[in-house]
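Structure first, then comments.
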Amino acid sequence: MSTTAGVWNGVALETDPRIGEFQADPAAYMEQRAGAWRSGDLAQEQARILKQKNQSLRLTLKTFLGLLRGK
């Protein structure tokens with residue numbers, strides 16, 4: 001796997017909320033993820049992650065469009 005310009009495995013790291021969660025508290029992040037995997041409700045966990053990604057992407061897009069309008 002190669003890392004290029006903030007992109008890993010097709011996911012832009014700047015828009016992935018899991019990166020921020022991990023950087024804030026790695027131990028808590030790993031414990032939370034392990035609990036989610038142990039619960040067996042993977043569909044719910046995937047839905048939660050997708051919702052976070054969408055919120056982050058919307059915020060990034062809103063900021064970008066705001067910058068374009070300001071020019």
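Note that the structure is predicted; figures quoted are calculated from it, not measured.
In this model, no donor atom of one side chain and acceptor atom of the other lie less than 3.5 Å apart for Arg48 and Gln44.
Using a 4.5 Å cut-off between side-chain heavy atoms of Ile, Leu, Val, Met, Phe, Trp and Tyr, with links allowed through other members, Leu65 and Leu59 fall into different hydrophobic clusters.
Looking at Lys51 and Gln55, their side chains come closer than 4.5 Å, going by heavy atoms from C-beta outward. Side-chain contact between Phe22 and Met30 is present, with at least one heavy-atom pair separated by less than 4.5 Å. In this structure, the side chains of Glu21 and Arg33 come closer than 4.5 Å at one or more pairs of heavy atoms.
Ser56 places no side-chain N or O within 3.5 Å of a backbone atom of Gln52 that could act as its donor or acceptor partner.
Rounding to the nearest 0.5 Å gives a distance of 12.0 Å between CD1 of Ile49 and CG of Asn54.
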